[in-house]
Visitor: 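The structure that follows is given in the form of structure tokens.
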Amino acid sequence: MKRNKTLAVVAGFAMAGSLAACGGDGGDDNAGDGPSEFIEAGSGFEKIADATGPAPEVEGSQVGGDITVHVPLDPGPENLDPTDGWSVLGNSIQQALTHRSLTQYRRNAESGDMELVPDLATDLGTPNDDYTEWKFTVRDDATWENGDPITADEVKFGIERSFDVENFPGTPGQEYSVKNIDCGEGYTGPYGDKGGDCAGIVVDGQDITIKMTRPFPDMDFWGSFMAMGPIPLEGSEPPAYGAKPLSNGPYKIQEFRPNETLVLVKNPEWKPESDPARHQYADSWTFKFDADQEKVDAILLSDSAESQTAVSNRVGATNVTKAQGALGDNFIQQTGQCVSYLAPDYSKITDIKIRKAIAYAFDYENIWLAGGQVPNVTRIPASTIMPPGMSGRKDYQPDGDQFTFDPEKAKELLAEAGAENYKLSFIYDDSAPELVDANAQQVKGFEAAGFEVEAIAYQEDAYELFGNKDNPINKKLNLRTVNWCSDWPSAYTMIPPLVSKGSQYNTAFFDEQEVQDRIDEIPTLPLEEQAGAWGDLDEMIGTEYLPIIPTAYRNDLFGAGSKIGGFTGDAAMSAINYKDLYVIK
Amino acid sequence: MFAYIVKRLLAGMVVVVLISIAVFALFWYGPESPARPVCESKTGGKCTPERLANFEKSLGYDNPIYEEYGKYAKGVFVGRELTIGTQRIDCDAPCLGYSFKNNTLVWDDLVKRMPATVSVAGGGALLYLLLGIPIGVAAARRRGSLTDKVLVSSFLVVSSVPYYLFALLAWIYCTLVFEIPVLGSSGYTPFTDNPWKWATGLLLPWLCLGLFGCTQYTRYTRGAMVEALSEDYIRTAKAKGLPASTVVYRHGLRSALVPVVTVFGIDLGVLLAGTIFTEKIFEIQGIGLWGLNAVVAKDLQVVAATALFGAVVMVISNLVVDLIYSVLDPRVRLS
Amino acid sequence: MDWQTHCLDEVSMSTPTMGSETVGHLSDEAVPGDEPPAKKRQVSGKSPIQIALGRLRKDKVAMTCFTIVMFFVLIAIFADVLQNLFDVTTEPGNPAQQLNPMNELLPYKGPPSGGFDPEHPFGVAPKTATDNLAVWLAGCRTSLLIASLATLVASIIGITLGLIAGFVGGVVDKAISFVIDFFLTVPFLLMALTLAPIINQRFALKPDLYEKAQLWSLVAILAFFGWMGVARLVRGEVLSLREREFILSARVIGMPTTRIMIKELLPNLVAPIVVAVSLMLPAFIAAEAGLAYLGIGITQGNSWGQTILRASNYYDDYALYFWEPLLGIVILVVALNLLGDAIRDAVDPKTRR
């Protein structure tokens, strides 16, 4: 999942969906004496296949009221087509409020952990022995906002749609449907001349059976994406459908203006009994995208009438202490299973000593601070490719100790490599003062470590640039960045996208046959061995090649006004848990 | 008179056309293909050269600029059929194109957003006059006194603060810190939905615009009044023993107002063309914010439409100003 | 009479130097207060300029404002000398050591929580720990530099076109007037927003030129949309001057047109031009600060506009940081405006009674 635009030098997108369950609301200790320490995620992540609707009531919940969600510095989704959704923000909103799929996440009120529970399916699906076939039963009491029942054919149509590379390139379907679901070679979805029926998906009454091209034990996780939900057979042509798709969750879309607002109102056709996790407490939701960070912080901290029913998707790091004092339990420090990396160009910087020198020359804390991030609160020093809390993760250090800013050591490494005054070329975004300031610290650090620096200001999307081989700017670069979060708690959604050849997010252009072979091999191993194998691979890549330098595990800060109840984080989505929010009268 | 208006409108049309061509040219000859943002957006950032070529073709951006502009101009009058990738859209006249970002017809959005901008601009501009003229008159009557200097320079100080900061702080203090009733709840509600809410919600934006923009009216009125009050006919009036207020308001202000009203016409035009700062800070979804977002998203059709709209408004307001001027000041003859 | 400070509002954003002169939009009539001084023939031997200077010297407000403006100009010129003198630098600081992450990234030492810190007389900035004094000094220089360059460019364009239009007349005048009208109709902000990234992108590959390119593109944007006022003013003046005896006689004796324009006309235009320039400067200084909010402007160096943008959310937590650049701008802009008014009054005897 991408994050549309984040405010950090190592900017760009991130993919989301994680296991790390960390309430970390930090509000239970003495308010005002500083943010609590980062709490490492426990890996509690249960699958409750027999969960049924209606969802357990949230303690103290009340019905009614209007909630306004402010979203600073993020333009929000460009369209609402469920097949298109692959962003932390868009998916967390739509999956919680408007669009259902096969499975979903629910927060366990007692443990605070997220659980995988059924959504439109009656259970979490039944795989065959080698996970090459999954069978789901679509429940018969779920309806669209117009009252029509949701059919298995519509679910099939939705899955087929996710194959459509022309209408939906760069969507999760291209990553997970195309690679795992067997619709035949070259299948491109239901539209167009070549389009048609997917023989690998068989519908029988309310049952839907999906054939896989290879063992795919994670189908139940993949089923939680709204791309794996139903799409009406008529009137759903892309891209027009994305402007106002038909809802089937507890809320429907009243108005959507990209970059500006999304207004949701109650969907009277949604039946609580049909849904094991969602609620319909508030009367309406208003999302305000691309909001001004200062303004949102000011709203939240004021406890004015305006702020009491407001929610902020991002609390400015420079207001952490105040927010914690003012908001108490409604201030959440949420782990995201998102990691930032430096990606030295593997084809240009061939000596691992230079890559290590870069790791020592990156002035971690100063760069974070200048960028408005707080070390150990929103940015945690990182060492492994896999984020904490991911099963199979090995806690290792690529170079013995945690990389810290050590210009002398960097100089030594450069001298050993015979690459004194090595020239680093990278881009930075100069569209906001914080980004410029953070880059100034980065340049200062690299220069102190004996590098020569060429920092190129670039305001457009970095990944588009990195993916464009002919771009003269891109040709010049030898140091790039990448931000990544897992799509679900498996290294399968972490390591392959970052280091396998040809992946869009392999911005280091790392290419080693040994690693590639192992990436292809692990998914074929017995299920119980896979997690450990990914952990070993992570260590092997980090210590032998260090193609990407993990710089930080990232946390998000959410806040809500005093009349918002049930305010928790959704560790699975790295977002606010919209499903449980209500307004206190 | 009629011939004059026709002549001016024709000249205005030339200006409008030139401006829309300029916007087209900016995108066309910019550093990247105008189809690229569309392609990036529609492909989720996976815009390969082949896809880009496809989009250029379907959007017509591979044609020479004059050809495409011709189609665009024709569309304004007779409508056209648009294609974006595989999507086909019927765009009836007046067709200003299709916003790839919003997935809407540009003309529909323009109509939808106009009331907000008109409301903000109209109220703000009215306050220019309501605040600026009385203060300017007061200052002129006490010319050279401390009151005069304090009035003039205090408004000068206000308008030296960056406008966004002024509006932002005004909003923060009125809404959050002091929670002033009425002023504290700003936002746009359509007039037809609820006139009371429309007025109260826009009060703060109007006041910000008005307080900030009235400075020039204060100074202008003051200057014109000083000038007018020293004219011979005023002295005659005074000598005749007319009351001071009559002299000031009936004779002095009247002639001083002529130029003020004409400045006002221009300013109103500029405001109507898009109150970008005000709309951004007060989250009002009008033309200004629309244009700003379109520039960021590189949504050519919307940028062109907002520029076109702004130019049309400016041309009309210039013309109206000149007509009013000729009515107010008989010395001016239109030709 | 005034095409000044309101520049940050939408009003003047569209035409920063627009104002009274647009009043004469249709007619060539001079606006009250803009009465050309040249028309008032002085009986004594003093030139109008000398008389105006004499008046200015006696005007207390004008002299105070002049002193303030000179003070800022000197700061701008000697910014680096002053930085050395106070031993401060605009280099980024060391946030990890100087700032308190448990206190909204505000500095440990000095304001706002502590007292005066002699090493950093203006304190250090939150987040970056850069020295505020050094940034302020550099900001003064950059802001004044941008405004001066923009004023210079706008004046040159405006004077040249105004002279030609007014003097040559006919088709040339019509053409130039059309161009002026055209630029007055262009939605300034929208164009600036579209143009700025294009110009920046052109220079992205030359990081060493990027900073200069940004500065010049801002100057160009300001100047391109600010020259129309001067052009109109000059054109109007020339129209009334060219029928005068001394010009007619110069023509009769066969003086070349360019020579007439430069030798005969220009000296008579000094006063209105000085007025125009003195009011354009503050408009551009304020415009730079306003445009920064929309991301148009220099991101590389330090300008007051950029500092204000950075400081805008510290109005409460770190008032000193917030007020330093803001006061700089407000004082300078007000002083320049009042000085401009005084100059106008001085060269125009009518409003001086």
Side-chain angles (χ1 to χ4, degrees), chain B residues 11-12 15-16 18-19 22-23 26 30-31 149 153 156-157 159-165 168-169 209 212-213 215-216 219-220 223-224 226-228 230 256 259 262-263 266-267 270-271 273-278 288 291-292 295 303 306-307 310-311 314-315 318 321-322 325-326 331-332 334, chain C residues 1-15 18-20 22-23 25-27 29 31-33 61 178 181-182 184-191 193-195 197-198 201-202 282 286 289-290 292-294 305 308 312 315 326 329-334 337-338 341 350-351 353:
Chain B
V15 170
V16 168
L18 279 178
I19 285 175
V23 173
L26 270 184
K149 287 196 172 114
S153 46
L156 206 49
V157 169
S159 57
S160 307
V161 177
Y163 176 67
Y164 75 88
L165 198 60
L168 192 66
L169 289 180
L209 262 181
F212 202 84
T215 307
Q216 65 154 337
R219 305 178 73 205
Y220 203 87
V226 167
E227 182 97 354
S230 60
T262 53
V263 179
I266 308 279
D267 278 353
V270 175
L271 284 181
T275 44
I276 294 185
F277 284 96
T278 313
L292 181 66
V295 167
V303 175
T306 46
M314 285 300 291
V315 165
N318 277 351
V321 161
D322 292 341
Y325 198 84
S326 75
R331 286 173 297 175
V332 177
L334 301 174
Chain C
M1 56 188 277
D2 69 33
W3 47 92
Q4 51 271 58
T5 51
H6 50 278
C7 209
L8 283 208
D9 180 14
E10 274 84 13
V11 178
S12 29
M13 264 323 188
S14 80
T15 45
M18 185 178 91
S20 69
T22 49
V23 170
H25 205 143
L26 233 206
S27 64
E29 247 180 326
V31 166
V61 175
F178 180 80
D181 277 349
F182 175 75
L184 282 174
T185 317
V186 171
F188 166 71
L189 265 181
L190 207 62
M191 282 301 188
L193 278 166
T194 317
L195 271 173
I198 291 179
Q201 218 172 327
R202 287 253 185 252
Y293 178 69
L294 297 180
I308 291 177
S312 57
Y315 60 94
L326 190 58
I329 281 215
V330 169
I331 293 174
L332 181 57
V333 168
V334 170
N337 268 305
L338 291 177
D341 280 359
K350 223 174 160 188
T351 55
R353 281 175 296 218

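What you see is a predicted model, and the numbers here were worked out from it, not measured in a lab. Convention: sequence-line order gives letters A, B, ...; per-chain numbering from 1.
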Visitor: Is any side-chain heavy atom of Thr194(C) less than 4.5 Å from a side-chain heavy atom of Val23(B)?
Guide: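 The answer is no, as the side chains (C-beta and beyond) never meet within the 4.5 Å cut-off.
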Visitor: Taking side chain as C-beta onward, heavy atoms only, is Tyr315(C) less than 4.5 Å from Leu165(B)?
Guide: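 Answer no - side chains too far apart.
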Visitor: Does any backbone or side-chain atom of Ala311(B) lie under 4.5 Å from a heavy atom of chain C? Answer side chain, backbone, both or neither.
Guide: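 Both parts, backbone and side chain.
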Visitor: What part of Val295(B) lies closer than 4.5 angstrom to a heavy atom of chain C: side chain, backbone, both or neither?
Guide: side chain
Visitor: What residue in Val330(C), Leu326(C), Ile329(C) has the most heavy-atom pairs under 4.5 Å with chain B?
Guide: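 Of the candidates given, the most pairs with chain B belong to Val330(C).
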Visitor: Please flag which part of Leu294(C) lies under 4.5 Å from any non-hydrogen atom of chain B: side chain, backbone, both or neither.
Guide: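 Contact with chain B is through the side chain of Leu294(C) alone.
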Visitor: Tell me, out of Leu292(B), Leu168(B), Val303(B), Leu18(B), who's got the most heavy-atom pairs with chain C below 4.5 Å.
Guide: Leu18(B)
Visitor: Within a strict 4.5 Å, meaning less than it, do heavy atoms of the Pro187(C) and Thr306(B) side chains meet?
Guide: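 A side-chain contact under 4.5 Å is absent here.
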Visitor: What's the shortest heavy-atom distance between Arg202(C) and Gly30(B), and which atoms?
Guide: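 Taking every non-hydrogen atom into account, NH2-C, 4.0 Å.
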Visitor: Any side-chain heavy atom of Tyr293(C) within less than 4.5 Å of one from Ile276(B)?
Guide: no
Visitor: Rounded to the nearest 0.5 Å, what separation is found between the CG atom of Leu190(C) and the CG atom of Leu26(B)?
Guide: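 Interatomic distance, Leu190(C) CG to Leu26(B) CG, rounded to 0.5 Å: 10.0 Å.
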Visitor: Please find the pair of heavy atoms, one from Thr185(C) and one from Met314(B), that lie closest to each other, and give the distance.
Guide: CG2-CB, 3.5 Å
Visitor: Under 4.5 Å from any heavy atom of chain B, what part of Phe182(C) do you find: side chain, backbone, both or neither?
Guide: both
Visitor: I'd like to know which of Gly12(B), Ala307(B), Ser153(B) tops the heavy-atom pair count under 4.5 Å against chain C.
Guide: Ala307(B)
Visitor: Would you mind checking which part of Leu169(B) comes under 4.5 Å of any heavy atom in chain C, side chain (CB onward), backbone (N, CA, C, O), both or neither?
Guide: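 Contact with chain C involves the side chain of Leu169(B) alone.
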